[in-house]
Amino acid sequence: MEIPDRGKKRPSSGPESSISTLYVQDPSGDRQISLKGTRLSIGRSKDNDVEISDISASRQHCRLECIQGRWQLEDLRSRNGTMVNGILIRRQPLLPGDKIEIGKTRIYFDRIPEEESTAGPHEDTLALNTEFFLEPELEDPVVDEGRMNDERAIFMRLLELSRDLCSILVTEELYEVILQNVIEISGAERGFLITVDEDELVVAASRNIDRDVIRKSHIQVSQSITRRVLESGEPVLTGDARKDERFLSSASISNLKLESVLCVPLRIRGKVHGAIYIDNRFEKNSFHPGTLRFVSFLADQASIFIENARLFEELRNRQASHQAARQQVEELNRELQELLLARDVEPEQARELMKKGARPDFRHSYDRIVTRSPAMMAVFELLDRVIHTDMPVLVLGESGTGKELVAQAIHQGSGRSALPFVSQNCAAIPANLLESEFFGHVKGSFTGAHRDKKGLFELADGGTLFLDEIGDMSPDLQAKLLRVLEDGEIRPVGSRDVVKVDVRIVSATNQNIEEQVRVGHFREDLFYRLNVLTVKLPPLRERREDVPLLVDFFVDRACSRLGRERPVIDPRTLYALYHSPWPGNVRQLENEVDRLVALSADVILPEIISTSVLSQKPGEQREPLRGTLRELVAEATESLERQVISATLEQNEWNKSQTARLLGVSRPTLDQKIEKYRILREESKGEDS
């Protein structure tokens with residue numbers, strides 16, 4: 001090898017030359033290499049035929065191979081790629097004068113063009129890092145073909161990277177891909193992706209140029225630079241960190257012997273949640289304004305993908321938590337049902353199982369609603385998605401299902417929780433006072449209006465207005481309510497002035513509101529205004545697993561109100577309450593439990609349960625039952641027991657062993673009950689199992 005005199009003319013490759021030559025310009029200096037043999041390797045490793053001291057180069061970067069007397073260049077899947085005459089290549093035949101670029105290294109094949117001969121070794125070497133991202137006013141108005149190729153290469157790289165990042169929904173993997181691309185394109189020696197967890201800096205990913213994870217990465221970054229970026233939201237670029245006046249007092253910069261450092265914030269919705277930090281401990285001024293612009297651009301894109309991945313993981317974890325909770329709920333419900341069917345269980349054992357509960361980790365609190373029913377868990381999942389918004393909610397359900405409790409949960413979980421929650425049953429207001437109650441009135445507006453009065457909308461201004469039984473509103477009031485929802489303005493009765501109000505509407509009804517719309521009893525346009533989100537509450541008979549929980553809760557509350565010791569609940573009582581139809585839903589159950597507590601002594605016995613509770617079905621009228629209370633309870637219990645056993649036998653194709661296990665009874669006990677209740681198989685299919 002020899003280093004040519006730069007003032008002399010380079011030898012040219014012509015027909016008389018049988019040996020081609022490479023002219024290498026890298027950070028270590030210039031040299032000339034004669035191509036002998038048929039293959040030559042180029043890279044940063046000492047094992048290469050041509051070793052280049054460029055940190056942007058891969059250990060095994062590219063290879064020259066002579067095929068049929070002609071040299072071809074092949075990129076060996078390097079990190080930063082290989083360019084020939086400004087174009088990224090995978091494999092390319094070479095012609096005399098071709099310029100090969102590897103990071104900041106230039107290699108000329110056979111000869112250096114005359115116009116390039118006086119250029120310094122580091123000029124115009126930021127094709128990927130800088131030129132495309134220079135400020136417009138600094139750009140050279142003359143755009144040559146090489147420059148366009150550089151821009152095209154960067155643009156294609158960005159498109160490919162965006163497509164790759166879109167498909168990654170695991171944050172750890174996303175961090176690795178982002179960081180690796182930043183290192184490859186910036187030519188950094190090391191890179192770190194830093195997140196913030198409760199004001200603590202966490203290195204979520206770290207890599208050096210050889211793709212190795214950096215050990216003890218948390219002490220390898222400058223805390224002062226990172227904190228500066230996180231607090232100000234502005235990037236930091238320094239080409240000589242140890243002499244930078246901004247960081248003269250930073251011990252970490254001196255200890256780490258940092259030269260070039262670039263740190264940019266990761267922002268989402270204006271809030272900084274992390275930073276991308278790259279450095280070079282061996283070269284000054286490794287990063288340029290173009291590098292800063294590229295990394296900043298990539299950081300803005302990356303923040304969106306990171307937030308998407310985080311939300312996806314949060315949703316997936318919540319769904320997994322909900323699924324696990326549902327399974328636990330179903331298991332507890334099965335245990336409770338088997339316990340109730342047995343009827344010979346100890347009271348404390350029954351209460352202990354009732355107190356067990358399982359709920360997914362919801363974003364908002366629903367503690368005032370006593371439930372462990374999967375149907376209600378689905379309602380909470382729906383509410384979790386919309387509580388924080390201001391959209392109107394329509395709650396549908398039979399009387400006594402807890403519609404107002406749901407409305408209160410919506411209010412408490414929203415941003416309006418510190419402001420009023422106003423509840424009104426539309427059916428309870430006289431028709432002639434509806435407008436005054438809703439919109440208020442001024443003094444003297446009608447007989448009896450002795451002073452100004454605020455209406456429901458003004459009282460609930462800034463908060464939530466719960467309108468129960470909206471199906472009972474008059475057509476005239478419906479029209480005025482629609483106008484308020486559209487304009488956000490009310491006019492008190494007797495006033496000429498309008499009042500601006502900001503109210504979230506939660507409405508409810510136990511009627512078939514869609515049928516009322518169809519027959520013209522309820523305005524269709526108002527229905528669509530109120531029915532932005534519909535929440536349907538299941539009746540108590542469709543979530544019987546909640547009955548024991550509610551009984552336990554209401555007993556405690558009644559005893560607290562009466563100031564007495566808690567009585568024991570006889571398992572037979574719990575069994576009867578569990579299997580009652582409850583047409584009045586939770587409200588009816590609450591009233592019945594209050595009655596039982598008031599009438600009982602130390603034990604709540606089944607004999608004092610209301611006859612209507614044991615016999616009534618929704619929408620069904622029956623003749624009065626005859627007999628003693630004990631006889632009636634026994635009859636109802638036996639009827640239910642016969643139905644359960646018969647249905648379970650049919651479901652299991654009369655496999656008695658399986659049926660006994662499911663019902664929690666022994667096989668002999670099951671045989672006795674089959675004989676006692678004369679349960680027969682509809683179609684005989686051979687001997688019983």
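These figures come from a predicted structure and were not determined experimentally.
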*Asks:* Considering all heavy atoms of both residues, which atom of Y23 and which atom of Q32 are nearest to each other, and what is their separation?
*Replies:* CE2-OE1, 3.2 Å

*Asks:* Does I100 form a side-chain contact (heavy atoms from CB on, under 4.5 Å) with T105? I'd like the steps, not just the answer.
*Replies:* CA-CA 8 Å; I100 303 166; T105 300; over 6 Å; no

*Asks:* side-chain hydrogen bond (donor to acceptor under 3.5 Å, both in side chains) for N280 and S286? Distances and angles first, verdict last.
*Replies:* CA-CA 7 Å; N280 190 318; S286 291; 3.3 Å; yes

*Asks:* If you take all heavy atoms of D98 and P93, which pair is closest and at what distance?
*Replies:* OD2-O, 4.1 Å

*Asks:* Given 3.5 Å as the limit, does a donor-acceptor pair link the side chain of N255 with the main chain of A251, or not?
*Replies:* yes

*Asks:* Quick check for you: to the nearest 0.5 Å, what is the distance between I42 atom CD1 and L73 atom CG?
*Replies:* 6.5 Å

*Asks:* Check this for me: does any side-chain nitrogen of one of E259 and K284 sit under 4.0 Å from a carboxylate oxygen of the other?
*Replies:* yes

*Asks:* To the nearest 0.5 Å, what is the distance between CG (L94) and CH2 (W71)?
*Replies:* 9.5 Å

*Asks:* Decide if atom CZ of R91 counts as having more than 12 heavy atoms of other residues, nucleotides or ligands within a radius under 6.0 Å.
*Replies:* yes

*Asks:* Could you tell me whether D502 and R416 have a side-chain N and a carboxylate O separated by less than 4.0 Å?
*Replies:* yes

*Asks:* Does the distance from a Lys or Arg side-chain N to an Asp or Glu carboxylate O, for D49 and R39, drop under 4.0 Å?
*Replies:* no

*Asks:* For R59, is the CZ atom crowded, meaning more than 12 foreign heavy atoms sit under 6.0 Å from it?
*Replies:* no

*Asks:* Does a donor on one side chain and an acceptor on the other come within less than 3.5 Å for T238 and D244?
*Replies:* yes

*Asks:* Taking the side chain as everything from C-beta on, heavy atoms only, tell me whether D47 gets closer than 4.5 Å to Q60.
*Replies:* yes

*Asks:* Whether the side chain of N181 engages the backbone of I178 through a donor-acceptor N/O pair (distance < 3.5 Å, no angle test) should be reported.
*Replies:* no

*Asks:* side-chain contact (heavy atoms from CB on, under 4.5 Å), that's the test. Do S414 and R504 meet it? Break it down for me.
*Replies:* CA-CA 10 Å; S414 71; R504 182 180 190 175; 3.9 Å; yes

*Asks:* Using only atom types and a distance under 3.5 Å, with no angle test, would you say the side chain of D197 pairs donor to acceptor with the backbone of E200?
*Replies:* no

*Asks:* Contact between L174 and F305 at the side-chain level, heavy atoms closer than 4.5 Å - yes or no?
*Replies:* yes

*Asks:* Does a salt bridge link R63 with E74, judged by any charged N lying under 4.0 Å from a carboxylate O?
*Replies:* yes

*Asks:* Taking it one step at a time, do S78 and S58 satisfy side-chain hydrogen bond (donor to acceptor under 3.5 Å, both in side chains)?
*Replies:* CA-CA 6 Å; S78 61; S58 299; 4.7 Å; no

*Asks:* Which of these, I276, I214, V182, L201, sits in a side-chain contact (heavy atoms from CB on, under 4.5 Å) with F192?
*Replies:* I214

*Asks:* Measure across T82 and C62 and return the closest heavy-atom pair with its distance rounded to 0.1 Å.
*Replies:* OG1-CB, 4.0 Å

*Asks:* Is it the case that H411 and S417 place a side-chain donor and acceptor less than 3.5 Å from each other?
*Replies:* no

*Asks:* Quick one: do E189 and R281 satisfy salt bridge (charged side-chain N to carboxylate O under 4.0 Å, His left out)? Show the steps, please.
*Replies:* CA-CA 7 Å; E189 179 212 352; R281 296 169 296 175; 2.4 Å; yes

*Asks:* Could you tell me whether the side chains of N285 and D240 share a donor-acceptor contact shorter than 3.5 Å?
*Replies:* no

*Asks:* List the atom of D26, the atom of I52, and the distance in Å for their closest heavy-atom pair.
*Replies:* OD2-CA, 3.5 Å

*Asks:* Look at the side chain of D384 and the backbone N and O of H364, then say whether any donor-acceptor pair between them is shorter than 3.5 Å.
*Replies:* yes

*Asks:* How close do P265 and E234 get, heavy atom to heavy atom, and via which atoms?
*Replies:* CD-C, 4.2 Å

*Asks:* Does the R246 side chain pair with the main chain of I225, one donor and one acceptor, at a distance under 3.5 Å?
*Replies:* no

*Asks:* Can we say E283 and K104 salt-bridge, meaning some charged N sits less than 4.0 Å from an Asp/Glu carboxylate O?
*Replies:* yes

*Asks:* Is a side-chain donor or acceptor of S303 paired with a backbone partner of R267 at a separation under 3.5 angstrom?
*Replies:* yes

